[in-house]
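To keep things clear, I will list the structure first and then write my remarks on it.
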Amino acid sequence: MMLLNSSRTTVNRIGSIISKTTFIRLNSSESRPLPPVQTPESLNILGNTYKTDEWTNATPTILSLTDRKLHKQPNHPLGILRNLIETKFEGMGYTYYNDFEPVVSTHENFDILGFPEDHPGRSKTDTYYINQSTLLRTHTSAHEAECFKTCKTPGYFITADVYRRDAIDRTHYPAFHQIEGARTWSRNEHGNNIVEVIRADLEALPKPNIVVENPSPVFHVDNPKQDNMSEVETELIAAHLKRTIEILVEDIFNRAKEVAIAAGSTDPDLHAPLKARWIEAYFPWTSPSWEIEVWWKGEWLEMCGCGIVKQNVLQNAGITDRIGWAFGIGLERTAMLLFGIPDIRLFWSQDERFLNQFEAGKINNFKPYSKYPGTVRDVAFWLPHVEKDGDLLHENDLTEMVRSIAGDLVENVSLHDEFVHPKTGKKSQCYRINYQSMDRSLTNSEINEYQDQVRQQLSEKYNVELLPRVFSSSLSQTRSIRPSLNTFNWSSTSTTVSQSRAGHQWAPRFKNVRKQHKGRVPVRTGGSLKGSAVSMGEYGLRLKSDGARLAAIQLKEADNTIMRIIRPIAGPKLFRMVHCNIAVAKKGNETRMGKGKGAFDFWACRVPTGKIVFELGGPNLHERVAREAFRLASDKLPGVYEIVKRGDLPKIGFQQVAAPVKRNFIEEQMKTPSNKKLANIIKSKDPEILKYKK
Ligand code: FA5
Ligand code: MG
């Protein structure tokens, strides 16, 4: 159990509170609010004491996970999976390391592996630091050098818990487990025979029965081979690496298929051969490098990263004669599909109803023991004005803070909305927090208590200006007013704004004010289909309800939302299908003849029912990504929208029509040509006339 250590009694008191709280939380998933905690002078982790400094950002909640060692519990899904993998490679020359402790130096985690100084993985927003030179390892590769040095067999496997400051959701958790595998061949031992030895080792491996897409050539300028290895050596080592991982993938996924079929799934993919693909990747300590993705339940799942170990990494470990490969697999996501576990947080559950479902050596489908409803809270605020964007609150900081307050009751924290005031340049953000317990129902008052603390700490630590909350009874949730709706003058758009009003007990608690621009956007009745079917991309966002006037700023918000989702993926492209051509003036309807319009206010456009506003297309665009982007974007726009695909029928107004038939008028005319035309045709075939055409 983690303890905090300090000479000061006040901190000792906090220390004892924390260890007690942690204990409660881990045993019943119930967490009581913590008082705001200052960093103590030193931390005691797994029996060692570490001095803290301004780099310290590891929280008590995270440190309390360091002694769980889930991968070593034989009846835990992670222990079962580790065992399965180790058994698969039994007798093939691998040593298994399962006892490395999670506190390592920055040297082991980054420097020795050649991470550049400015690598984002080193930043405090991504990594849990104990102090400037010590951290919770972010990957099992932190022990590569040490194992290369000490391992007596040609290969090894390291299984361990790793820690990353990451967003929380169904498949991400700040603590998870990895298996690192590595294998090398010695030049001293094999001399000129090394190629033959590797080839023989490769041929001794069983051939997995999966369909694999493999990029060729094996190496090239952007994913280069190393100078000290010949082309044949590189190709053979790469083949050995890939075959090893494919064996693992085949084994795991075939078992997952069996479990899914036994659980009643009728997905036709389950009876087809397994599909996988290799993609080129980059890791600072391997070259060439790859990642493998496996086709599972309709999407490509990233399974693991790997590559040929760079020579300087081996040299840093004092090894000059060996060449070989390494890979790293995330255990949780693999175990989730193998055992049908729906949420990554469940791995940390200490509920008997979870733990009793699993047994060493057996893979079975997890049976959810209960579904307790979750509850959503928003928190919205103005960020303080700062010079550099980097000084602002980072999403991971907020996630961390919420987690330190409400523990595992936090299912998901996400940036829901962002808005920059057009005049002042001030930025506001709205975060949405999903609270849910795996084992019990949550009460509103309990969640409100956490939410109060989140708000309090936000304003204390980050100096943000909180926006008021709105109570919306229809959702039985507390929502903050969306800053973007609250601060911009929407008078010309048809948006529903809920606002709380001060009043006496007879006044309504809240009121929906429907603000609508004057005049209607006409429904198309003349037969125009223009812009109502997808023409540029693959998916479109089409207005389904009454025609609306969209303000440029609303479109910009929707645009930003879509871009935020597709920007990280190389390939997808956004097509903006409407443009703002109406300059809306202030006091438009008070304009008298001769007085001119009021001052210019904003740009807008009129979109009739059935017109597409945005389209998404381009390579690497998954339908689910497009749908998610459009769903979030349509939240930002007035009106009701539908998502259409290329090939869907166009619309006239509300009416879906049959696809237009293309007519070739010239051909039709040729069937019954006029006399004049006929004369022309005859002339055009006259050889005498054709002479002049050349
Ligand atoms: C690495 O961590 C490298 N150390 C792997 C490696 C080893 C490459 C040796 C080359 C040679 P990456 O950051 O992609 O790579 O993480 C590896 C796997 O961990 C991912 O494929 C994913 O399955 C899993 N993973 C990553 N982040 C999380 C998270 N927050 N929660 C659960 N699983 C995660
Ligand atoms: Mg990766």
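- Under the salt bridge (charged side-chain N to carboxylate O under 4.0 Å, His left out) criterion, Arg165 pairs with Asp397, Glu400, sequence neighbours left out.
- Considering Lys611, Arg542, Arg627 in turn, Arg542 is the only one that fulfils the salt bridge (Lys or Arg N to Asp or Glu O under 4.0 Å) rule with Glu642.
- Heavy-atom neighbours of Glu668 CD from other residues, nucleotides or ligands within 6.0 Å: above the threshold of 12.
- Scanning both residues, Leu543 and Ala548, for their nearest heavy atoms gives CD2-N, 3.9 Å.
- The ring pair (Phe, Tyr, Trp, His ring centres under 6.0 Å) contacts involving residues 603-645 comprise Phe600-Trp603, where partners must be two or more places apart or lie in separate chains.
- The closest side-chain heavy-atom distance from Val613 to Leu555 is below 4.5 Å.
- Between the side chains of Asn581 and Arg606, no donor-acceptor pair of N or O atoms lies under 3.5 Å.
- Separation of atoms OG (Ser441) and CG (Asn444) is listed at 11.0 Å; rounding is to 0.5 Å.
- Taking the centre of each ring, Phe176 and Phe347 stay at or above the 6.0 Å mark.
- Contacts of Glu280 classified as salt bridge (charged side-chain N to carboxylate O under 4.0 Å, His left out), with partners at least two apart in sequence or in another chain: none.
- Looking only at distances, a side-chain donor or acceptor of Asn396 sits under 3.5 Å from a matching main-chain atom of Thr125.
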Mind listing the side-chain donor-acceptor pairs of residues 258-276 below 3.5 Å, one per line with the distance, residues two or more places apart or on another chain?
residue: Ser265; atom: OG; partner: Asp267; partner atom: N; Å: 3.4
residue: Asp267; atom: OD1; partner: Asp269; partner atom: N; Å: 3.0
residue: Asp269; atom: OD2; partner: Trp295; partner atom: NE1; Å: 2.9

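- Contact annotation: the side chain of Leu409 approaches that of Glu446 to within less than 4.5 Å [non-hydrogen atoms, C-beta and beyond].
- Gln451 and Tyr435 form a side-chain donor-acceptor contact under 3.5 Å, judged by distance and modelled atom types alone.
- Taking the side chain as every heavy atom from C-beta outward, Ser535 and Met577 approach each other to under 4.5 Å.
- Here Asp166 does not pair with Arg164 in a salt bridge; the nearest charged N to carboxylate O distance is not below 4.0 Å.
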Please walk me through it: do Phe354 and Phe366 pass side chain to side chain contact (heavy atoms under 4.5 Å, CB included)? CA-CA 8 Å; Phe354 176 78; Phe366 167 69; 3.6 Å; yes
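- Looking only at distances, no side-chain donor or acceptor of Ser545 sits under 3.5 Å from a matching main-chain atom of Gly639.
- The side-chain heavy atoms of Leu398 and Val413, taken from C-beta on, include a pair separated by under 4.5 Å.
- Salt-bridge check for Arg345 with Glu332: failed, with every basic side-chain N at 4.0 Å or more from each acidic carboxylate O.
- Using a 4.0 Å cut-off between charged side-chain N and carboxylate O, Glu628 and Arg631 make a salt bridge.
- Every residue two or more places apart in sequence or in another chain was checked for a side chain to side chain donor-acceptor pair (under 3.5 Å) with Glu411, and none qualifies.
- Between the side chain of Ser532 and the backbone N or O of Pro650, no donor-acceptor pair lies under 3.5 Å.
- For the pair Glu623/Lys645, a side-chain contact is recorded, criterion being any heavy-atom separation below 4.5 Å from C-beta on.
- Residues Leu301 and Glu293 are not in side-chain contact: their nearest non-hydrogen atoms beyond the backbone lie 4.5 Å or more apart.
- Between Val410 and Ile433, the closest side-chain pair of non-hydrogen atoms falls below 4.5 Å.
- Between Arg403 and Pro174 there is a side-chain heavy-atom pair separated by less than 4.5 Å.
- Ring orientation note: the planes of Trp278 and Trp290 are nearly perpendicular, at an angle over 60° on the 30°/60° scale.
- Sorted by first and then second residue, the salt bridge (Lys or Arg N to Asp or Glu O under 4.0 Å) pairs with a member in residues 566-581 read Asp559-Arg576; sequence neighbours excluded.
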Start with the C-alpha distance between Ile292 and Val249, add both sets of side-chain angles, then the distance that settles side chain to side chain contact (heavy atoms under 4.5 Å, CB included), and finish with yes or no. CA-CA 9 Å; Ile292 191 170; Val249 162; 4.2 Å; yes
